[in-house]
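Report on one structure; see the data block that follows.
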Amino acid sequence: MEGTDAMKLAVALIVLLPLAGFIVTLVFGKRMGTRAHVLPVALVTATAVLAVYAFEWVFRHQEEPFVWDAFTWLVAGRYEVTWGFQVDTLTGVMLLVVGIIGMLVHYYSIGYMHGDGGYYRFFAYLNLFMFAMFVLILANNFLLLFLGWEGVGLCSYLLIAFWFPKKTASQAGKKAFLVNRVGDFGFTLGMLLIFVTTGTLQFAGVFDKAEMIGAGTLLWICLLLFTGAIGKSAQFPLHVWLPDAMEGPTPVSALIHAATMVNAGVYMVARSYPLFMHSNTAMLVVMVVGTFTAIYAAYIAITQNDIKKVIAYSTVSSLGFMFMALGAGAWAAGIFYLFAHGFFKGLLFLCSGSVIHAMGGEQDMRKMGGLRTRIPVTFWTMMVGAVALIGVFPFAGFWAKDEILFADFTHHYYVVWVVGVVTAFLTAVFAFRMMFMTFFGESRADAEVQAHVHESPKVMTIPLVLLAIPAAALGVVVGWPPEEGWIHTFLEPVFFDVEHEEFAWLGTGGALMAFSLVVALVGVYVAYVMYLKRRELPAQLAARVPWAYQASLRKMYMDEVYEVAPIRSTIAFSNWLWTGFDVLVIDGIVNGLARLWDWVGAALRQLQTGRVQNYAFGIFAGMLALVIVVGCIWGV
Amino acid sequence: MADANNSVLVILPGIVIACTALLVFMADTFVGRRKEILPWIAAAGLVAAAAVAAAQWLDVDELGSLWDLVTGRGSAVFGGREGEAGFAGMVALDKFAFYCTLLFCVIGVLTIMLSDAYMKKRRDAMGEFYGLLLLVIAGMFGMAVSTDLIALFIAFELMSLPTYVLAGFLRGDVRSGEAAVKYFVNGAFSSAVLVFGLALLYAASGQTNYAGIAEAMSGLGADAESGLTVVALVFVAVGFGFKIAAVPFHGWAPDVYEGAPTPVTAFMSVGIKAGAFVGFLKLFTIAAVGLGDIWTAALTVLAVLTMVVGNALALPQRNLKRMLAYSSIAHAGYLLLGLIATGASLDSAGSSAVLFYLGAYTFMNIGAFGILVWIRNRRAFRYGLDEVAGLARTMPWTAIGMALFMVSLTGIPPLVGFWGKFYLFTAIVDAGMTWLAIVAVVMSAVSAYYYLRVVWYLYFREAPEGAEVVADDAGPALGSAVAVTLAALGVLALGLYPSPLISAAQGALRVLIGG
């Protein structure tokens with residue numbers, strides 16, 4: 001294969017540069033003060049360039065993925081753990097998303113985090129995150145993927161709780177960590193089952209044997225892996241951590257909790273395509289969970305007042321959309337959506353950060369309004385993001401969303417299709433509710449805050465503009481024409497054997513497309529009427545159906561459910577374990593053993609007399625005893 | 001048959017080390033006040049010896065396969081050459097000897113760095129100290145290359161005699177002198193037992209060459225397992241057990257380890273142990289391979305006693321130097337498991353685990369002793385456990401290092417001590433002696449108590465009143481700082497990525513057991 005040496009170097013550097021940035025910044029960053037960002041940003045820029053190079057390489061070698069077992073990490077008996085990398089077309093897409101958005105978020109953070117006490121720490125963690133994320137997507141085996149998976153989880157936890165003196169922030173960090181543990185436990189069990197069944201964790205080895213695995217076992221493997229994806233990608237019922245994760249700095253929300261890490265679950269399921277494709281039941285579960293999460297989160301997003309919470313629930317909903325696509329068999333469409341979503345959702349988050357920056361830290365949309373002319377760059381770029389999100393022709397979201405709905409329809413999942421359309425409608429409503437409340441009408445902020453409203457510095461607005469371009473144009477570039485677009489042919493080596501539906505402009509395809517466009521526009525109009533024209537309407541509606549309003553506002557009471565069922569019962573059980581079992585039985589045994597050992601030690605110490613004759617006698621006696629013992633054993 | 005030139009080549013690393021020792025002795029009389037150059041000469045000699053050993057194995061055009069070693073694909077680096085014998089088969093330089101030579105040179109260089117500040121206070125004795133140290137290492141090298149009983153015994157004595165002097169190096173200190181005498185008297189006794197055992201082995205087989213002994217023994221068939229061989233092998237095991245401080249031949253160890261200067265203690269607990277282990281590993285696995293049942297029975301008894309008694313004695317110690325001394329006995333017990341595994345199963349896994357553990361133990365134990373030296377250079381310190389209380393606040397980096405070494409000695413991942421135990425214990429399980437592995441794991445748990453207690457003192461106890469009163473006037477001890485840092489990096493790096501070392505250890509064993 002041509003150019004593999006250069007590719008090896010590129011892949012090694014993609015992984016090593018952010019790691020070096022993390023170490024150096026963590027050790028020396030404090031002394032660098034306000035210049036602590038220079039090295040990490042420079043390294044991530046270089047990494048992004050290399051990621052684009054790697055993408056370009058795979059673009060030229062689509063049929064032949066790059067596989068490299070760099071080195072053996074551990075040897076345990078007959079099992080070897082290798083740092084093995086692979087770059088195929090799926091990885092290529094992920095490389096673009098992670099590399100480019102990661103780089104832009106780094107630049108944006110220079111402005112956003114300016115003057116923060118933990119400036120260097122923030123950049124160190126961001127670089128560590130980039131390292132872990134690249135390991136995750138470049139791995140050629142489940143174990144290395146899991147290493148990256150846990151690494152991004154750790155960074156997520158560190159960055160959510162970045163402002164840890166704030167109680168809500170440290171609580172949110174813990175929550176993310178604990179909830180993800182549940183999912184990761186499933187993932188670990190899934191890996192174990194894979195290893196027991198196939199004897200390897202290498203993707204190639206496992207997927208080769210996929211067909212030979214019994215249906216029951218395969219279902220379990222898929223469900224356990226999917227459990228991990230549910231946790232990481234915030235699907236019902238493990239989605240509760242993601243909205244709380246908004247306690248972290250906004251660039252983190254954009255990078256980790258919208259564009260990259262939360263996609264890891266989707267990526268992992270897509271990577272395990274050869275397993276899932278043989279288990280219809282598992283596919284059905286994926287689709288049902290994704291579909292339910294999509295509409296459920298969109299419904300909650302409608303009433304949230306915190307600008308970041310709206311986008312957070314929107315992200316949960318979008319991730320549900322991706323799983324819906326994968327489960328319905330529209331694999332390429334799902335990844336297409338991931339690709340586009342990374343850009344427009346990252347953009348929306350960064351824009352919300354810019355809004356918050358302008359408002360002096362205010363996140364409540366009820367205290368905003370009229371910002372359109374005050375911060376025009378943020379407004380226009382956020383508008384692009386919102387339009388892309390709700391899927392208006394010809395923005396990025398339109399093509400991806402439409403392909404998913406088309407697949408639902410043509411695969412005869414009509415209920416899913418209906419839910420998808422309703423979700424699209426709700427998405428349009430909450431996205432434009434957010435836009436209208438933030439940027440239109442008169443300002444509802446304090447006079448003091450108003451006086452200080454200002455556009456963000458260039459280092460923040462330029463990344464917004466750079467993200468707005470793909471958010472607008474990506475759909476046409478890679479998704480045109482529908483079902484035949486570049487992204488489909490590009491991903492075909494990965495998602496081989498997928499049934500392909502013909503897209504007819506003057507048939508089902510065109511009709512569905514027109515219909516979903518109408519639905520989105522109606523949603524925008526509804527938002528316009530309710531939140532701009534007749535602003536008394538939402539309150540009246542809430543008074544008319546209070547239960548529906550409260551359910552949405554209180555996030556479907558999920559936190560309360562968790563409080564009662566798993567948390568309280570666990571605490572009660574733990575208390576019993578502590579007082580009933582641990583103190584009496586375990587401590588008893590341990591203390592007893594400790595006392596025994598103290599006694600043995602003291603007794604033996606008596607033999608340590610310090611007298612040389614005694615020692616020599618010990619040697620002699622020991623020798624005699626040894627001769628007798630060994631002699632007796634052999635009977636000579 | 002190798003000609004004379006080849007013979008010299010075979011032991012060239014040892015010759016380099018021995019000549020450097022002589023050079024140090026001579027230079028000592030010429031350099032006058034500029035004695036700081038002596039440790040540099042000694043270290044340079046060790047590096048040169050390691051380079052010579054490496055050059056003997058690496059063909060220049062095969063340097064590319066160094067990458068294979070780094071990436072864990074191992075043994076190809078040695079060029080696939082068979083060992084080269086010299087002096088009518090009395091010595092052989094093979095992969096095994098190559099591995100050991102490198103290990104010994106690392107131990108030597110670390111010890112030299114460690115003794116930096118210590119020797120600056122005793123400038124007059126610098127020449128003797130470094131010269132004797134090099135002679136010990138030359139003896140250790142001899143243990144690794146010997147393939148003959150006579151060569152083995154010469155190497156054994158070359159290794160032992162300078163050690164007696166080093167142990168009594170603090171001439172003014174009564175305890176140091178007492179330690180040296182105890183060590184010498186008991187050492188002479190055990191050497192006599194050893195040479196008696198070797199003589200009996202010769203009597204049983206009529207051969208002094210390892211391969212010859214093995215051949216003669218297999219020729220004897222069932223008659224080989226006679227009373228004579230039992231006594232011979234037990235005597236050899238006793239001489240060997242003395243050097244590694246196996247129970248019940250360990251009596252001298254705590255007194256000597258405590259009385260000797262700390263850098264010497266560090267060296268003895270690691271270097272002498274390594275030298276003795278590799279020498280006997282070679283003897284048992286080549287010469288007495290057919291008699292595995294006998295010597296594994298003897299070593300099993302020793303191993304159980306050593307692990308139990310060593311840990312039990314370390315448990316109540318509140319003096320860190322003494323605690324490390326006793327725990328060093330316990331580690332000899334774990335190491336014995338590797339030998340037993342090889343003897344019981346004739347598989348090289350156990351022996352390669354021993355080689356790996358020696359490497360791992362070098363870093364963590366020299367590091368642990370180095371921390372003690374380091375603290376003592378900075379302030380008044382009598383190695384008491386109470387004196388390190390709250391160290392995390394006054395000397396944070398030192399505390400991190402100490403905690404690292406303690407955790408690694410306990411055998412907790414992801415540090416190198418974990419892998420050391422892991423390979424040893426899996427080897428003994430694979431050899432079908434699971435009960436021994438259980439004993440070892442339980443004893444490791446016991447050791448966690450006294451190792452982690454140190455960590456607890458470092459981080460969760462308040463410093464005693466007036467802990468910072470006296471600052472030592474030795475000045476900055478750069479050497480010991482570097483040694484400790486290197487050891488810490490070794491513990492971490494090999495813990496995260498152990499495969500280069502383990503594959504090198506496995507490659508080294510192929511010559512012995514043909515696995």
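When reading the values below, keep in mind they use all heavy atoms of this one structure, side chains included, and skip hydrogens, waters and symmetry mates. Letters go in sequence order (proteins before strands), and every chain restarts at 1.
The contact between B/V185 and chain A is made entirely by side chain atoms (from C-beta outward), counting heavy-atom distances below 4.5 Å. Only the side chain of B/F242 comes within contact range of chain A, with at least one heavy atom under 4.5 Å from a heavy atom of that chain. Interface remark: B/V193 contributes side-chain atoms only to the contact with chain A (heavy atom separation under 4.5 Å). Heavy atoms closer than 4.5 Å to chain A are found nowhere in B/Y449, neither backbone nor side chain.
For the side-chain contact (heavy atoms from CB on, under 4.5 Å) test with B/V238, the passing option among A/V627, A/L624, A/I619 is A/I619; the others fail.
Of all the listed residues (B/V446, B/N311, B/V231), the one sharing the greatest number of non-hydrogen pairs under 4.5 Å with chain A is B/V446.
Of all non-hydrogen atoms in A/Y615 and B/W252, the two that sit nearest each other are CD1-N, 3.7 Å. Minimum interatomic distance between B/P248 and A/G622 (heavy atoms only, all atoms of both residues): CG-CA, 3.7 Å. The nearest pair of heavy atoms linking A/M623 to B/F249 is N-CE2, 3.9 Å.
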Evaluate B/V301 against A/V630 for side-chain contact (heavy atoms from CB on, under 4.5 Å), listing each step before the verdict.
CA-CA 9 Å; B/V301 176; A/V630 177; 5.6 Å; no
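A/F617 contributes atom CZ, which lies 10.5 Å from atom CZ of B/F189 (distance to the nearest 0.5 angstrom).
Applying the 6.0 Å contact sphere to CZ of B/F196 captures no more than 12 heavy atoms from other residues, nucleotides or ligands.
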